[in-house]
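Comments concern the structure below.
Values in this document were obtained by computation on a predicted structure and should not be read as measured data. All chains are named by letter (A, B, ...) in the order of the sequence lines, taking the proteins before the strands, and each is independently numbered beginning at 1.
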There are 2 protein chains.
Amino acid sequence: MSAQVTTENTEAQMRKGILELVILSVLARNDAYASDIINELKETKLIVVEGTLYPLLTRLKNGELLTYRWEESTQGPPRKYYTLTEKGREFLKQLNSTWDDLVLAVNKARTQSSTSNSNQE
Amino acid sequence: MSAQVTTENTEAQMRKGILELVILSVLARNDAYASDIINELKETKLIVVEGTLYPLLTRLKNGELLTYRWEESTQGPPRKYYTLTEKGREFLKQLNSTWDDLVLAVNKARTQSSTSNSNQE
DNA sequence: TATAGTACTATGTATTGCATAGTACTACTG
DNA sequence: CAGTAGTACTATGCAATACATAGTACTATA
């Protein structure tokens with residue numbers, strides 16, 4: 001069945017690639033386990049669910065951008081606390097740049113008049 | 001074979017959903033055929049290739065956000081000139097809003113300090 | 001021992017960007 | 001008229017990620 005064109009669907013597509021950026025950003029500030037990350041992103045209106053987050057954390061760890069340690073908890077099972085690696089920090093810098101460029105380009109494409117407008121600063 | 005974590009790959013993922021927005025934005029300004037769109041986006045540093053653009057234009061047309069008319073050309077085959085529909089204009093407004101919210105949220109997540117920073121405006 | 005809450009793993013689906021191969025139209029040249 | 005180059009478009013399949021769903025395991029409490 002072909003996809004319906006809806007803003008919900010397009011937003012889901014827009015989120016692809018972006019969650020990686022914001023999760024690395026959260027971990028650049030503090031070590032965290034999954035629930036910390038979910039709560040911190042919720043404050044910035046980025047809703048991430050566990051079924052998305054766990055596979056993504058695993059991908060990032062397998063890509064050597066993250067490491068983790070187990071920590072006991074008194075509230076339930078032990079938790080995986082994730083830490084950004086040095087490689088992860090470098091990657092995040094590049095990703096920030098990529099994101100900034102993309103947002104600039106999209107906003108230009110959204111507002112640009114005809115080709116004679118290229119001297120706009 | 002598992003994907004390598006590269007900024008090129010993540011940028012490709014980030015572009016998902018975004019091309020729809022910028023193509024509709026181009027067509028909100030002027031009717032255009034595929035090559036016009038490619039050239040106009042190139043000026044804003046958004047590189048789109050034909051193999052991506054044609055299927056996307058077809059999807060948007062099938063979703064009733066676009067219509068087209070054939071126009072003869074003296075340089076080669078006839079061209080499909082695309083026009084935004086009224087439904088397309090409404091959809092684009094919603095998409096603009098979705099995009100603005102997403103960019104704001106991502107930028108907040110990138111820079112936010114701990115939870116005590118919530119009174120920042 | 002059983003249950004609720006919490007943390008994580010495994011798996012599959014839906015969707016789009018993109019590459020590749022192919023067909024068709026027009027102008028130009030021989 | 002036939003052949004070629006340039007241009008415009010169609011058809012198809014692959015790669016990758018967001019997300020849903022089902023399941024397992026740990027801890028505290030009754």
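Using a 4.5 Å cut-off on side-chain heavy atoms (C-beta onward), B:R110 and A:D100 make contact. Between B:K80 and B:Y33, every side-chain heavy-atom pair lies at or beyond the 4.5 Å cut-off. Two residues are said to be in side-chain contact when any heavy atoms from C-beta on lie closer than 4.5 Å; B:L57 and B:I37 meet this criterion.
The nearest whole Å value for the distance from the CE atom in A:M14 to the P atom in D:dA16 is 23 Å. Residue A:N62 contributes atom CG, which lies 12 Å from atom P of D:dT17 at whole-angstrom precision. In this entry the distance linking CD1 of A:I38 with C1' of D:dC19 reads 13 Å, nearest Å. Going from atom CD of B:E72 over to atom C1' of C:dT26 covers 10 Å, rounded to whole Å. One atom, CG of A:L53, and another, P of C:dT6, lie 17 Å apart when rounded to the nearest Å. A straight line from CG of A:L46 to P of D:dC19 spans 10 Å, rounded to a whole angstrom. Between B:E8 atom CD and C:dA19 atom C1' there is a gap of 17 Å when expressed in whole angstrom units. B:E71 places its CD atom 15 Å from the C1' atom of D:dT7, with the value rounded to the nearest Å.
The residues A:K93 and A:E90 are annotated as salt-bridged, a charged nitrogen and a carboxylate oxygen being separated by less than 4.0 angstrom.
OP1 or OP2 of C:dC18 lies within a sub-4.0 Å distance of a side-chain N or O belonging to B:T52. Between B:R59 and C:dT15, a side-chain N or O to OP1/OP2 separation shorter than 4.0 Å is absent. Regarding contacts with the backbone of C:dT16, a side-chain N or O of A:N9 is found under 4.0 angstrom from either OP1 or OP2.
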- Query: Run the side-chain hydrogen bond (donor to acceptor under 3.5 Å, both in side chains) check on B:E40 and A:Q112 step by step: do they pass?
  - Reply: CA-CA 9 Å; B:E40 187 151 341; A:Q112 178 146 304; 5.2 Å; no
Would you tabulate the nitrogen or oxygen pairs shorter than 3.5 Å linking the protein to nucleotides 7-11 of chain C?
unit_1 : atom_1 : unit_2 : atom_2 : d
C:dA7  : OP1    : A:Y33  : OH     : 2.7
C:dA7  : OP1    : A:R79  : NE     : 3.2
C:dA7  : OP1    : A:R79  : NH2    : 3.1
C:dC8  : OP1    : A:K80  : N      : 2.4
C:dC8  : OP2    : A:Y54  : OH     : 2.7
C:dT9  : OP1    : A:K80  : NZ     : 2.2

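In this structure, the side chain of A:T7 does not engage the main chain of B:Q94 through any donor-acceptor pair within 3.5 Å.
Side-chain atoms of A:K16 and base atoms of C:dT16 include no donor and acceptor less than 3.5 Å apart.
In this model, a donor atom of one side chain and an acceptor atom of the other lie less than 3.5 Å apart for B:T10 and A:E20.
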